[in-house]
Amino acid sequence: MKKSLETICVQGGWKPKSGEARVLPIYQSTTFKYDTSEHMGQLFALEASGYFYSRLQNPTCDTVAAKICELEGGVAAMLTSSGQAANFFAIFNIAGAGDHIVTSAALYGGTSNLFVVTMKRMGIDFTLVDPDATDDELARAFKPNTKAVFAESLSNPSLVVLDIEKFARQAHEHGVPLIVDNTFPTPVNCRPFEFGADIVTHSTTKYMDGHATQVGGAIVDSGNFDWALYPDKFPELTSPDASYQGVVYTERFGKGAYITKAVVQLMRDLGASPAPMNAFLLNVGLETLHLRMPKHCANALQVAQYLESRSDVSWVNYPGLESSRYRALASKYMPNGTSGVVVFGLKGGRDGVEAFINRLAFISIVTHVADARTSVLHPASHTHRQLSEAQLAEAGVPSDLIRLSVGIEDAADIIADLEQAFQVGQPG
Ligand code: PLP
């Protein structure tokens, strides 16, 4: 039976058998018991499936991964300990020293740091492209050693709506997959696989959890990219893995090859495994994702319209606004709304920004976004502090940008808090 997104949010993943717990159990166990040595041996040879050690796999985590997989319309998925780990694994699973990745320049600051500082030190080279580049401009970024294209469906914090079909077209013309970080819109608002993306990643820390209770990540494979067509580009998937008695992932696991390799090889060796308790909390958040996202979007649109009406606000960017340059792309890729995140600038520049956010009352300054509670951040002073003015501009994050993550409180109360903060002279 084909289920709607709403039903998957509530019912996906855990399917208890008669007499089992109705609520997803937390398998708080590092290890799993077997009756025979032979059976355990088969697990290590990847000849049988089953759990043996929670660094690799855990039933609670896998059940939540299965729900996210169903929400995205994929064939296989895994959880990671953070969104950072998800993006790292998604790329490192198919690229190593000497390889090259094409990435949209409009990225979360932590991701851009991961790519151009840390992964560069591992020998992986990144070319940053303007997400609004033409096909020809994008094509020029590819090299013979390019292994993937990466982009955020709705970038944090610049709110660029990705032209997924354009990026997928270019990736596929060059024989590589498109990896899309779908954290901000979530599958409730955007389904990248339907537009040609091959792999989707998430920081589940954000809307999927929605209550700021756990840090986590997820990787989902659409199963659509045929690795075996490009054995020279992806030898780790298409030729024997010496660390598993010569298993060839594409031959043994078919459409599950990419996620299986990431679990049994990267999770085994790097160990960025999620805690079962965190997966449980994430699942509770997912059960209301379909209710929260529309409320976030409706509130954000009202707040964006209010900000746009103020003479002390120099600019507002929210893809749902008539004035947004991404309105057409948003209607195509995210017809039900984008997210609760609104960005804007104040006349008076950087100094004015700090004074303004200090005056907010219940809207809190937190290093977080996509929470049920409205929150605010000044990326140039906080998350993107490591970037120079030039890098800020390239990432689409001007230094006066205020990122407001509009929550699911009453929109009128959120606007009233902003209103009082605009009144100069109020106590901080
Ligand atoms: N991707 C996006 C779009 C993000 O906004 C973030 C964090 O803000 C991450 C990845 C990293 O996720 P995490 O903080 O869960 O490691």
Side-chain angles (χ1 to χ4, degrees), residues 61 64-65 68 72 78-92 101 103-119 126 128 131 150-162 164 167 179-187 189-190 192 197 199-220 270-275 278-279 281-282 285-286 293 296 319 333-334 338-343 365-371 375-379 382-387 395-397 401 403-406:
C61 302
V64 182
I68 294 173
E72 287 288 4
M78 66 194 283
L79 297 189
T80 56
S81 58
S82 66
Q84 287 296 96
N87 283 334
F88 174 60
F89 275 32
I91 290 178
F92 199 60
I101 306 292
T103 178
S104 162
L107 293 175
Y108 162 60
T111 306
S112 95
N113 219 49
L114 169 70
F115 290 175
V116 301
V117 180
T118 301
M119 291 183 79
F126 288 81
L128 276 64
F150 183 93
E152 293 176 8
S153 50
L154 178 63
S155 63
N156 175 12
S158 52
L159 302 185
V160 170
V161 177
L162 185 72
I164 302 173
F167 270 66
I179 304 172
V180 169
D181 180 332
N182 198 31
T183 296
F184 266 26
T186 81
N189 283 342
C190 179
I199 309 287
V200 157
T201 61
H202 281 280
S203 164
T204 62
T205 320
K206 307 294 165 352
Y207 289 113
M208 282 194 169
D209 172 306
H211 303 81
T213 59
Q214 58 88 48
V215 173
I219 310 174
V220 189
L270 301 170
S273 35
N278 284 0
L281 292 168
L282 168 60
L286 285 168
M293 289 312 288
H296 278 291
Y333 293 112
M334 302 165 197
T338 52
S339 78
V341 182
V342 178
V343 292
I365 305 169
V366 294
T367 307
H368 191 46
V369 71
D371 185 21
S375 57
V376 71
L377 191 85
H378 180 217
H382 309 141
T383 46
H384 289 59
R385 199 181 178 91
Q386 76 280 7
L387 301 188
V397 187
L401 180 150
R403 186 184 71 184
L404 192 63
S405 175
V406 179

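Order of appearance sets the numbers: ligands from 1, and atoms from 1 within every ligand. Small disclaimer: the values here were computed from a predicted structure and weren't measured.
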Spell out, as yes or no, whether a donor-acceptor pair under 3.5 Å connects the side chain of Asp209 to the backbone of Leu282.
no
Using modelled atom types only, decide if a donor and an acceptor are shared between the side chain of Thr201 and the backbone of Asn87 within a distance under 3.5 Å.
no
Would you say Ser155's side chain and Val160's backbone share a donor-acceptor pair under 3.5 angstrom?
yes
Extract all N/O-N/O pairs under 3.5 Å that connect ligand 1 to the protein, and present each with both atom names and the distance rounded to 0.1 Å.
from	atom 1	to	atom 2	distance (Å)
ligand 1	1 (N)	Asp181	OD2	2.6
ligand 1	5 (O)	Asn156	ND2	2.8
ligand 1	8 (O)	Lys206	NZ	2.7
ligand 1	12 (O)	Ser203	OG	3.1
ligand 1	15 (O)	Gly83	N	2.9
ligand 1	15 (O)	Ser203	OG	2.8
ligand 1	15 (O)	Thr205	OG1	2.6
ligand 1	16 (O)	Gly83	N	3.1
ligand 1	16 (O)	Gln84	N	2.9

Could you go through Phe150 and Phe115, starting from their C-alpha distance and side-chain angles, then the distance that decides it, and tell me whether this counts as ring pair (Phe, Tyr, Trp, His ring centres under 6.0 Å)?
CA-CA 10 Å; Phe150 183 93; Phe115 290 175; 5.0 Å; yes
Using the ring of each side chain (for Trp, its six-membered ring), is Phe88 parallel, tilted or perpendicular to Phe92, with breaks at 30° and 60°?
parallel
OG1/Thr213 to CG/Asn278 distance, rounded to the nearest 0.5 angstrom?
7.5 Å
